[in-house]
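What you see is a predicted model, and the numbers here were worked out from it, not measured in a lab.
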Amino acid sequence: MNILLSIILGCLAGFIAGKLMRGGGFGLIVNLILGIIGGIFGGWVLGLLGISLGMGLVGELITAVIGAVLILFIASLFKK
């Protein structure tokens, strides 16, 4: 059940990140996939910085959104 919840949170984070990024990211499907990857990446980056947003659902969503925005930003550098 945790894996399913993580996938759902990652998809939601990808959707939110696509709305936050200028140009809307790469389309809905790619944004959702990048959101799942971004959830992992966001947890890693915030862990390196020593930042903890809590272990609740909202904290995990914010972490995933931060990671997804970072992934979308990095991917947009290669898109140009």
For this session: Please round to the nearest 0.5 Å and tell me the distance separating atom SG of C11 and atom CG of L34.
Result: 11.0 Å
For this session: Consider only side-chain heavy atoms of I, L, V, M, F, W and Y, link residues closer than 4.5 Å, and tell whether I71 and I33 are in one cluster.
Result: yes
For this session: Examine W44 and I62 and state if one hydrophobic cluster contains both, with Ile, Leu, Val, Met, Phe, Trp and Tyr joined whenever side-chain heavy atoms are less than 4.5 Å apart.
Result: yes
Exercise. So, do L61 and L57 sit near enough that their side-chain heavy atoms are less than 4.5 Å apart?
Worked result: no
Exercise. For the residue pair L70 and F41, what are the closest heavy atoms and their distance?
Worked result: CB-CE2, 3.8 Å
Seminar exercise, completed: Heavy-atom closest pair (G42 atom, T63 atom, distance to 0.1 Å) is C-CG2, 3.5 Å
For this session: Can you measure from CD1 (I8) to CD1 (I36) and round to the nearest 0.5 angstrom?
Result: 10.0 Å
Exercise. Does some side-chain heavy atom of I66 sit less than 4.5 Å from a side-chain heavy atom of L46?
Worked result: yes
Seminar exercise, completed: What one should report as the nearest heavy-atom pair of L72 and G18 is CD1-N, 3.8 Å
Exercise. Transitively linked via ILVMFWY side-chain contacts under 4.5 Å: L49 with I40?
Worked result: no
For this session: Answer yes or no: is there a side-chain heavy-atom contact under 4.5 Å between V65 and L20?
Result: yes
For this session: Taking all heavy atoms of A68 and all of A13, pick out the closest pair and write down the distance.
Result: CB-O, 3.9 Å
